[in-house]
Number of protein chains: 2
Amino acid sequence: MEKQVTIYDLARALNLSTATISRALDNSPLVKPHTREKIRAMAEKMGYRQNLIARNLRKQQSRTIGVLLHEVNSYFATSVLAGIEKITTREKYDILIAHSGEDGGREIANTRNLFNKRVDGLIVSLAMNTSATDHFNPFFEQGIPVVFFDRVVKKMPCSKIVIDNFKAGYQATAHLLDQGYRRIAHITASLQRNVYEERLRGYKKALADRNIRFSPELVESCSLNREDTLEAMNKLLAQKPDAFFVTNDFAAAVCMDALQQSGIRIPGDMGVIGFNNDILGSLISPKLSTIDYPGLLMGETAAQTLIEKIKTKKSGKGTPEGKNVTIPSSLIIRESTGKKDRAGRSLKS
Amino acid sequence: MEKQVTIYDLARALNLSTATISRALDNSPLVKPHTREKIRAMAEKMGYRQNLIARNLRKQQSRTIGVLLHEVNSYFATSVLAGIEKITTREKYDILIAHSGEDGGREIANTRNLFNKRVDGLIVSLAMNTSATDHFNPFFEQGIPVVFFDRVVKKMPCSKIVIDNFKAGYQATAHLLDQGYRRIAHITASLQRNVYEERLRGYKKALADRNIRFSPELVESCSLNREDTLEAMNKLLAQKPDAFFVTNDFAAAVCMDALQQSGIRIPGDMGVIGFNNDILGSLISPKLSTIDYPGLLMGETAAQTLIEKIKTKKSGKGTPEGKNVTIPSSLIIRESTGKKDRAGRSLKS
DNA sequence: ATCAAAAATGAAATCGATTACATTTAAAAA
DNA sequence: TTTTTAAATGTAATCGATTTCATTTTTGAT
């Protein structure tokens with residue numbers, strides 16, 4: 001374990017001051033090109049590497065952005081991450097990723113940790129069961145920019161990047177209705193989270209617009225993992241639905257598999273539509289209709305928005321307003337929502 | 001933007017020295033319980049938060065582990081990440097994730113950056129086209145522990161966490177042969193990477209053990225994305241194979257979809273086996289046979305191994321040897337490799 | 001050759017914690 | 001009560017870079 005080469009070593013070796021070394025390595029015009037080159041060469045030769053910890057302490061920044069995710073094991077999450085990374089790499093920020101595994105407690109701990117790490121900004125998607133949001137207060141008090149995406153809380157004083165979940169929920173439901181399905185079951189998750197609550201509202205509105213009475217028995221909330229989804233599905237099956245609107249493609253795929261297993265034809269007997277446009281949906285059969293949910297763009301936008309806020313804050317031009325961006329989403333019609341087959345309905349297996 | 005509360009502020013407020021404050025907040029037995037409580041209370045009241053940058057500078061550590069991934073958009077990658085995170089969270093390390101997008105250039109840049117960030121250790125899976133490994137030298141020179149997983153290089157002086165790819169490749173091939181398939185096409189990726197090269201060797205051995213001649217025309221390398229996979233598949237189709245061994249489940253699913261689209265029955269006309277045990281495989285139809293590739297365990301083991309190395313290094317007990325761990329993998333037989341149907345072979349559509 | 005202005009460099013403070021070493025205070029022993 | 005020892009606290013150096021404010025050197029104009 002060799003000892004680190006510091007600018008002091010370079011200064012000594014070249015008989016210069018650390019100030020000059022520091023400036024040279026930072027490409028400052030204050031140092032003569034000739035000197036700069038000498039310093040560069042020596043740094044190279046001695047194997048100097050900048051100590052970013054020291055630099056960050058002095059500069060009172062970390063050039064690090066915290067990313068607080070509810071989960072990472074989905075195509076959507078990795079797309080968002082890719083989008084964030086694309087922008088942050090270009091802007092020379094590092095990202096510190098923490099995920100809560102949908103657990104509010106871990107979210108709080110992670111938030112605290114990222115704060116102590118002095119991240120320059122925070123990008124957040126809330127865990128399923130987070131209710132209070134006090135843990136973000138330190139950021140607001142210190143004026144550290146925070147951007148929420150996807151799962152947001154309306155009243156918070158910061159930027160939000162979302163899609164129009166109400167519209168998307170409406171579209172999904174309306175499409176099923178247009179295809180002749182009438183009793184549409186809806187598998188959703190915690191209605192505490194805006195995304196699910198708004199989609200449900202869209203679902204209700206689509207029914208109302210066609211004079212179909214809303215039946216609460218046709219809606220089930222669950223965690224969306226395999227077991228819970230199957231349980232919810234089976235409960236709903238007792239209500240004899242002719243279609244499923246599932247709030248996430250993975251869960252939709254799980255349902256489709258189970259439904260087909262028990263002899264139900266999709267489409268025809270049963271229509272199924274998902275949400276997210278996970279690649280998964282285009283590889284299963286029948287191919288899954290869904291709502292395109294542009295994770296990459298969302299990540300890019302979130303990162304872009306955050307970095308802008310960081311910059312305007314640094315330049316001291318006052319607190320920028322919270323910016324709300326709605327990313328376009330769209331209905332993707334594939335095979336799982338083909339027209340309902342009114343003749344041979346064989347629902348009771 | 002309020003100013004930060006530091007231990008100096010606390011010291012002044014309580015008329016104590018920063019030494020005592022620091023010790024109290026670190027739970028040192030050197031400070032009287034009564035004093036400690038007073039300090040705690042004041043810290044709480046004034047909203048003190050530890051500045052980890054300052055702490056890390058002084059302690060010459062970062063308590064951060066760098067994770068260098070070739071990609072993050074797969075179930076395998078997120079599983080590994082989850083495993084790493086599980087351990088690092090418990091051991092109170094942060095992780096800095098960088099991914100190269102399979103690009104050797106970005107891998108080099110990321111490596112450099114992580115080094116400058118003074119990560120305490122590094123977990124790596126190489127990009128597809130990385131050939132030289134000089135960029136890791138600074139870590140070796142400074143004695144910073146590095147652990148490779150999955151995509152490794154044999155001769156490097158560090159720990160490696162892998163599965164037995166030779167055996168897995170053998171098993172996959174042997175299983176297809178056992179089911180009656182004879183002309184097995186193999187879609188793989190860069191043979192520069194140990195994982196693909198070893199699987200290919202396993203494939204060859206399985207053929208050899210059954211006295212089947214190896215035909216190079218039945219093997220295609222590609223990037224494994226959708227387009228390239230389809231191209232490789234079509235090229236191989238010209239060789240009239242009766243089975244595909246595809247080195248990754250996503251690519252296998254893409255192939256299955258295309259094959260079925262053109263009227264080929266799986267299994268029966270064609271057997272297909274994947275690799276990785278992505279959830280995807282259990283949701284498509286027919287369900288995909290594959291090799292279980294325990295990402296979570298791999299991530300956990302890598303993190304565990306790395307942290308051990310960091311600890312023994314700190315305690316000064318000499319450089320620990322590179323530790324090589326082979327994680328068990330296993331053949332998962334599902335539907336896509338059902339017995340070959342010898343009677344009605346309708347390969348030419 | 002002289003001087004003002006511009007360019008290049010240096011000295012030292014600073015960022016916020018930790019910690020070796022010194023000193024004071026309290027408790028235990030004589 | 002005095003001495004010895006242990007416990008608690010304080011002083012100041014340190015980590016490695018950046019940066020303000022000198023100071024020196026160079027350049028260009030006269």
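Quick note on labels: first sequence line is chain A, next is B, and so on, each numbered from 1. Atoms considered below: every heavy atom in the structure, side chains included; atoms not considered: hydrogens, waters and symmetry mates.
As rounded to whole Å, 9 Å separates atom P of D:dA17 from atom CD of A:Q4. Rounding to whole angstrom units, CD1 of residue A:I53 and C1' of D:dT18 are separated by 16 Å. Protein atom CD1 of A:I7 is 14 Å distant from nucleotide atom C1' of C:dT9, rounded to whole Å. Distance, B:K38 NZ to D:dT9 C1': 12 Å, rounded to whole Å. Rounded to a whole Å, the CD1 atom of B:I39 is 13 Å from the P atom of D:dA8. One can place CZ of A:R12 at 13 Å from C1' of D:dG16, the figure rounded to the nearest angstrom. When the C1' atom of D:dC15 is taken as reference, atom CG of A:L52 falls 15 Å away, rounded to whole Å. Rounding to whole angstrom units, CG of residue A:L30 and P of D:dT24 are separated by 18 Å.
A heavy-atom distance below 4.5 Å is not found between the side chains of A:V162 and A:F148. A:V5 has its side chain out of reach of A:R49: every pair of non-hydrogen atoms, C-beta onward, lies at least 4.5 Å apart.
Side-chain proximity of A:L57 to C:dT19, D:dT9, C:dG16: nearest is C:dG16. Distances were taken from every side-chain heavy atom of A:T20 (C-beta onward) to each of C:dT18, D:dA17, C:dT9; the shortest belongs to C:dT9. Of the candidates C:dA17, D:dT9, D:dT18, D:dT9 carries the atom nearest the B:S17 side chain, counting heavy atoms from C-beta on. Residue A:Y48 places its side chain closer to D:dA17 than to any other of C:dT18, D:dA17, C:dG16. Comparing C:dT19, D:dT18, C:dT9 against the side chain of B:R58 picks out C:dT19 as the nearest.
Each of A:K32 and A:Y8 was matched to the nucleotide of DNA chain D holding its nearest heavy atom; the match closer to the 5' end belongs to A:Y8. In terms of position along DNA chain C, the nucleotide closest to A:P29 lies nearer the 5' end than the nucleotide closest to the other residue of the pair A:A19 and A:P29. Closest-nucleotide positions on DNA chain D for B:P33 and B:K59 were compared, and the one nearer the 5' end corresponds to B:P33.
As judged by a 4.0 angstrom heavy-atom cut-off over every strand, A:T6 is placed among residues touching the sugar-phosphate backbone only. When heavy atoms are screened at a 4.0 angstrom cut-off, A:D9 is found touching no nucleic acid atom at all. Counting any heavy atom pair closer than 4.0 Å across all strands shown, B:R49 reaches sugar-phosphate atoms only and no base atom. Residue contacts for A:L16: at a heavy-atom cut-off of 4.0 Å it reaches the sugar-phosphate backbone alone, with no base atom in range.
Phosphate contact (OP1/OP2 of D:dT18, side-chain N/O of A:Q50, threshold under 4.0 Å): present. Put simply, A:T35 has a side-chain N or O that comes within less than 4.0 Å of OP1 or OP2 on C:dT9. Of the side-chain N and O atoms in A:S22, none sit less than 4.0 angstrom from OP1 or OP2 of D:dA17. Regarding contacts with the backbone of D:dT14, every side-chain N or O of B:Q60 stays at 4.0 angstrom or more from both OP1 and OP2.
Put simply, the side chain of B:R55 and the base of C:dT18 share no donor and acceptor less than 3.5 Å apart. For C:dG10, the base has a donor-acceptor partner in the side chain of A:R23 [N/O atoms by modelled type, under 3.5 angstrom].
Aromatic ring orientation, B:F139 versus B:F115: perpendicular (interplanar angle above 60°, classes split at 30° and 60°). In this structure, B:F76 and B:F149 have tilted ring planes: the angle between them lies in the 30° to 60° band.
With hydrogens and angles disregarded, a donor-acceptor distance shorter than 3.5 Å links the side chain of A:R193 to the backbone of A:A127.
Using a cut-off of 4.0 Å between Lys/Arg side-chain N and Asp/Glu carboxylate O, A:E102 and A:R151 are scored as salt-bridged.
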